[in-house]
Amino acid sequence: LKAGDEGGGLLLFPDWAYKPAWSPGSRQVQLWHFLLELLGRGEGGAIDWGREWGEFVIRDPERLARLWGERKGKPHMNYDKLSRALRYYYNKSILHKTKGKRFTYKFNFSKLILVNYPGYPSFLILVQKEGDGSSIIIG
DNA sequence: TGCGGAACCA
DNA sequence: TGGTTCCGCA
């Protein structure tokens with residue numbers, strides 16, 4: 001496990017999430033992981049947690065897209081393309097759209113690992129520190 | 001803005 | 001397999 005703790009929250013991911021792209025049997029960084037990473041850091045402005053548990057709001061869509069593009073080496077990334085990738089998550093139950101709220105999506109934490117990595121002795125611990133307390137989900 | 005098909009790529 | 005790119009539609 002690795003942890004990132006800088007301000008807004010604390011995020012813990014299983015090791016596979018951090019395996020570099022070149023290592024054998026590894027995967028490239030997943031979009032959902034990238035989003036969680038930014039959310040955990042409280043990465044100024046581009047994306048932020050929403051009101052409900054797991055809900056997030058994209059404050060600056062094109063900036064988020066640029067960040068994602070930089071990570072993946074896709075200089076022509078934009079929100080149109082990034083949002084298409086997010087929509088592919090609907091069928092996998094990783095995400096769904098919060099209808100009526102602009103740029104607002106919601107994670108399905110309970111399904112995130114199970115769907116993506118079946119059979120993996122999986123665990124995702126996400127602690128959100130907010131004024132009214134903290135929550136923990138273990139999948 | 002948001003959706004999902006289709007072709008395509010690593 | 002997870003997107004990326006492009007696009008017509010509502």
Side-chain angles (χ1 to χ4, degrees):
Chain A
L1 279 170
K2 285 188 180 180
D5 189 6
E6 299 159 46
L10 172 69
L11 278 171
L12 299 169
F13 295 113
D15 287 332
W16 52 255
Y18 283 90
K19 280 181 182 164
W22 46 263
S23 77
S26 71
R27 308 154 189 280
Q28 260 209 290
V29 61
Q30 312 279 110
L31 178 55
W32 63 265
H33 175 252
F34 171 77
L35 295 175
L36 250 27
E37 191 183 295
L38 258 48
L39 285 164
R41 276 210 297 264
E43 181 74 21
I47 189 171
D48 224 335
W49 288 116
R51 240 185 182 193
E52 293 178 48
W53 171 244
E55 190 180 81
F56 63 93
V57 183
I58 300 169
R59 306 286 181 199
D60 189 340
E62 290 309 322
R63 181 167 136 72
L64 179 67
R66 191 168 44 74
L67 259 29
W68 175 234
E70 281 169 16
R71 176 66 68 91
K72 286 291 290 290
K74 297 284 177 183
H76 302 300
M77 182 53 57
N78 57 30
Y79 181 66
D80 179 52
K81 294 170 190 173
L82 188 152
S83 63
R84 183 69 188 92
L86 291 180
R87 290 195 292 277
Y88 272 126
Y89 283 156
Y90 298 170
N91 285 337
K92 301 177 185 177
S93 300
I94 288 175
L95 276 187
H96 66 79
K97 187 78 180 63
T98 303
K99 289 173 185 173
K101 290 187 185 175
R102 208 155 152 263
F103 303 127
T104 304
Y105 301 79
K106 192 172 173 179
F107 277 109
N108 292 205
F109 287 128
S110 56
K111 298 217 174 178
L112 196 58
I113 301 290
L114 296 174
V115 166
N116 242 357
Y117 301 92
Y120 195 90
S122 62
F123 47 93
L124 169 73
I125 307 169
L126 196 151
V127 183
Q128 189 176 20
K129 292 177 188 167
E130 290 294 331
D132 48 11
S134 61
S135 308
I136 303 174
I137 284 196
I138 303 172

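Values reported hereafter were calculated over all heavy atoms of this structure, with side chains retained and with hydrogens, waters and symmetry mates removed.
At a threshold of 4.0 angstrom between heavy atoms, the contacts of Leu31(A) are confined to the sugar-phosphate backbone, with no base atom among them. Nucleic acid contact for Tyr79(A): sugar-phosphate only, since backbone atoms but no base atoms lie under 4.0 Å from a heavy atom of the residue. Residue Lys99(A) is out of contact with every strand shown, counting any heavy-atom pair closer than 4.0 Å.
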Which atoms of nucleotides 8-10 of chain C (N or O only) lie under 3.5 Å from a protein N or O atom, and what are those distances?
none

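Of all non-hydrogen atoms in His33(A) and Val29(A), the two that sit nearest each other are ND1-CG2, 3.6 Å.
Distance check, rounded to the nearest 0.5 Å: CZ of Phe34(A) to CH2 of Trp68(A) gives 6.5 Å.
Atom NZ of Lys81(A) and atom C1' of dC6(C) are 8 Å apart (whole Å). Between the CG atom of Leu82(A) and the C1' atom of dG3(C) there is a distance of 10 Å, rounded to whole Å. Atom NE2 in His76(A) sits about 13 Å away from atom P in dT4(C), given to the nearest Å. When the C1' atom of dG4(B) is taken as reference, atom CG of Leu95(A) falls 16 Å away, rounded to whole Å. Taking atom CG on Asn78(A) and atom C1' on dG2(B), their separation rounds to 14 Å, with Å as the unit. Atom C1' of nucleotide dT1(C) and atom CD of Gln30(A) are separated by 9 Å, given to the nearest angstrom. For the pair His33(A) NE2 and dG2(C) P, the computed distance is 15 Å after rounding to whole Å. When rounded to the nearest whole Å, the span between NE2 of His96(A) and P of dG4(B) equals 14 Å.
With sequence neighbours excluded, no residue satisfies salt bridge (charged side-chain N to carboxylate O under 4.0 Å, His left out) with Glu62(A).
Contact annotation: the side chain of Tyr105(A) never approaches that of Tyr89(A) to less than 4.5 Å [non-hydrogen atoms, C-beta and beyond].
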For nucleotides 5-10 of chain B, 5' to 3', base contacts (B), sugar-phosphate-only contacts (S) and non-contacts (-) with protein non-hydrogen atoms under 4.0 Å give BBB---

